[in-house]
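Below you'll find the structure, written out as structure tokens, and then a few comments.
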Amino acid sequence: MTYDNQNIFAKIIRGEIPNNTVFEDDHVLCFDDVNPQMPVHCLVIPKGKYLSLTDFSENASDAEILAFYRAIGEIVNLKKLRQGYRAICNTDMHGGQEVPHFHMHILGGEKCPPMIVKNA
Ligand code: AMP
């Protein structure tokens with residue numbers, strides 16, 4: 001699968017679609033999810049063109065990976081998540097990934113429900 005420059009997060013990075021920015025640096029953008037599932041629900045994305053967590057892990061530079069993980073600490077402070085949160089990366093088809101640009105969901109603001117409910 002090749003990277004689709006028209007995916008919605010690519011448009012957000014280019015400034016073609018507005019977003020509620022939480023954090024930004026040279027490599028990373030974090031913004032509120034448009035359809036929040038918890039009181040805090042934001043998405044952390046690299047600015048580079050990576051399809052998924054797998055693609056990012058295999059192909060991102062050390063600087064990009066470092067920036068991504070350092071950003072999470074900043075976001076935890078900005079969103080006051082010291083009591084905890086859940087980080088989720090839906091990945092590819094089996095993971096139910098809908099937007100084909102790597103993103104990490106950060107969910108919190110109250111106690112998260114059980115992660116996977118069997119036979120629900
Ligand atoms: P996923 O199913 O892991 O690919 O999640 C995609 C997420 O992107 C969903 O939680 C959507 O609500 C969110 N989303 C889609 N479009 C936008 C947008 N324009 N701004 C913010 N979040 C968005």
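Both counts, for ligands and for their atoms, begin at 1 and track the order of listing.
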When hydrophobic residues are tied together by side-chain contacts of less than 4.5 Å, even through go-betweens, does Tyr3 share a cluster with Met1?
-> yes
Taking every heavy atom of Ser52 against every heavy atom of Gln97, the minimum-distance pair comes out as CB-OE1, 3.7 Å
Hydrophobic clusters join Ile, Leu, Val, Met, Phe, Trp and Tyr when side-chain heavy atoms are under 4.5 Å apart, directly or via other members; which others share one with Ile72?
-> Val22, Phe23, Val28, Val40, Val44, Tyr50, Leu53, Phe56, Ile65, Phe68, Tyr69, Ile75, Val76, Leu78, Leu81, Tyr85, Phe102, Met104, Ile106
Polar side chain donor-acceptor pair, Lys11 to Asn5, under 3.5 angstrom = no
Looking only at heavy atoms, which two atoms of Met38 and Glu110 are closest? And how far apart?
-> CE-O, 3.4 Å
Mind jotting down which protein residues get a heavy-atom contact under 4.0 Å with ligand 1? Chain and number order, please.
-> Ile8, Phe9, Ile12, Phe31, Asp32, Asp33, Val34, Asn35, Leu43, Asn90, Gly96, Gln97, Glu98, Val99, His103, His105
Go through the side-chain N and O atoms of Glu64 and Ser61 and say whether any donor and acceptor fall under 3.5 Å apart.
-> yes
